[in-house]
Amino acid sequence: MNAFVLEPGARLPRSFFAQPTLTVARLLPGKLLVRLGAGGSRQAGVIVETEAYIGESDLACHARSGRTRRTAVMYGAPGTAYVYFTYGMHWMLNIVTEHSGFPAAVLLRALHLYDSPAAQPQPATNGPAKLTRALQLDGTWNTHDMCAPDAQLFVEQPQQAAPPRIVCKPRVGLGKTPQPWLGLPWNFCLGAHTGS
DNA sequence: AGGACGATTAACT
DNA sequence: GTTAATCGTCCTG
């Protein structure tokens with residue numbers, strides 16, 4: 001809502017993403033997703049909704065089938081972007097969590113996006129595919145190291161961050177995923193009030 | 001080699 | 001509430 005959300009803040013270090021996936025998913029709403037483009041352009045938006053996908057035992061997680069060409073990135077370093085293609089037309093952005101060798105990630109499902117430098121609110125990107133579309137992210141971003149010093153896509157701590165109110169609920173769109181995974185409250189959303 | 005299905009979305013009835 | 005769009009991935013054979 002204010003221009004301050006655009007001010008560059010501290011980038012989240014790899015140690016942040018190395019935490020337990022539920023912790024990362026719970027802490028990400030309210031943080032800033034930043035996408036640098038050609039010519040020094042900067043798109044930034046407040047992360048609004050996340051979802052956790054944790055390990056081979058989580059039957060909703062792509063890693064349920066073990067390590068494959070597609071899921072190999074989930075076994076990589078925390079802070080790595082996992083971008084995959086689905087439904088023949090949509091790209092999804094995840095950030096890999098926990099230690100290398102353990103497949104887990106947080107899906108970014110919604111963003112409050114702002115134009116730079118005017119800070120004009122964009123149409124709400126209230127869906128994981130809309131989010132990647134708005135930031136022009138596709139498979140070429142898969143395996144992007146979001147914690148590298150020269151990263152073009154990364155997460156920042158906002159400068160004036162009030163403790164956000166988080167609401168959790170079951171994950172969305174899991175289809176025929178069996179219980180208990182279908183009902184686990186691993187979706188995390190900003191509440192009606194973001195603090196202040 | 002073939003088929004079912006998907007961490008979705010927009011456009012319908 | 002229902003359905004088409006559209007293709008990579010995974011499972012079966």
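Remark: A/Thr86 is not in phosphate contact with C/dT9, judged by side-chain N or O atoms under 4.0 Å from OP1 or OP2. Applying the 4.0 Å criterion to OP1 and OP2 of B/dA7, one finds that A/His62 has a side-chain N or O inside that range. Within the 4.0 Å cut-off from OP1 or OP2 of B/dT8, at least one side-chain nitrogen or oxygen of A/Arg109 is found.
If you take NZ of A/Lys130 and P of B/dA7, they are 18 Å apart, rounded to a whole angstrom. Between A/Asn126 atom CG and B/dT8 atom P there is a gap of 12 Å when expressed in whole angstrom units. One atom, CE of A/Met74, and another, P of C/dT9, lie 15 Å apart when rounded to the nearest Å. A/Leu111 has its CG atom 16 Å from the P atom of B/dT8, to the nearest Å. A straight line from CZ of A/Arg67 to P of C/dC10 spans 13 Å, rounded to a whole angstrom. Atom CH2 of A/Trp91 and atom C1' of B/dG6 are 14 Å apart (whole Å). Rounded to an integer number of Å, the gap from CG of A/Leu137 to C1' of B/dT8 is 16 Å. To the nearest angstrom, C1' of B/dT9 lies 14 Å from CG of A/Leu131.
Here the closest heavy-atom approach between residue A/Val167 and residue A/Gly191 is recorded as CG2-CA, 4.0 Å.
When the nucleotides B/dT8, C/dC10, C/dA5 are ranked by their closest atom to the side chain of A/Met92, B/dT8 comes out on top. For A/Tyr82, the listed nucleotide lying nearest its side chain is B/dA7; candidates were B/dA7, C/dC11, C/dT6.
Of the P atoms belonging to C/dT3 and B/dC5, the separation is 15 Å, rounded to the nearest Å.
Enclosure of atom CZ in A/Arg14 by more than 12 non-hydrogen atoms of other residues, nucleotides or ligands within 6.0 angstrom is indicated.
Note on A/Arg69: nothing from the nucleic acid sits closer than 4.0 angstrom, heavy atoms only. Across all strands, A/Phe85 comes closer than 4.0 Å only to sugar-phosphate atoms, never to a base (heavy-atom distances). As judged by a 4.0 angstrom heavy-atom cut-off over every strand, A/Ala129 is placed among residues touching the sugar-phosphate backbone only.
Although no hydrogens or angles enter the test, the distance criterion places no donor-acceptor pair under 3.5 Å between the side chain of A/Gln152 and the main chain of A/Trp141. Judged by distance alone, with hydrogens and angles left aside, the side-chain atoms of A/Thr132 form no donor-acceptor pair with the main-chain N or O of A/Leu93 at under 3.5 Å. For A/Thr21 (side chain) and A/Tyr53 (main-chain N/O), no donor-acceptor pair under 3.5 Å exists by modelled atom type.
The aromatic ring of A/Tyr87 is not stacked on the base of C/dA5, since the criterion of ring centres less than 5.5 Å apart with planes inclined by under 30° is not met.
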Stepwise side-chain contact (heavy atoms from CB on, under 4.5 Å) test for A/Arg70 and A/Ser65
CA-CA 10 Å; A/Arg70 182 204 208 185; A/Ser65 302; over 6 Å; no
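Base pairing annotation: C/dT2 forms a Watson-Crick or G-U wobble pair with B/dA11, both donor-acceptor distances under 3.5 Å.
A salt bridge links A/Glu51 and A/Arg109; the closest N-O separation between the charged side-chain nitrogens and carboxylate oxygens is under 4.0 Å.
When each of A/Glu56, A/Arg67, A/Glu98, A/His99 is checked for a side chain to side chain donor-acceptor pair (under 3.5 Å) with A/Tyr75, only A/Glu56 meets the rule.
Looking at residues 170-189 of chain A, you'll see that no heavy atom sits under 4.0 Å from any atom of DNA chain C.
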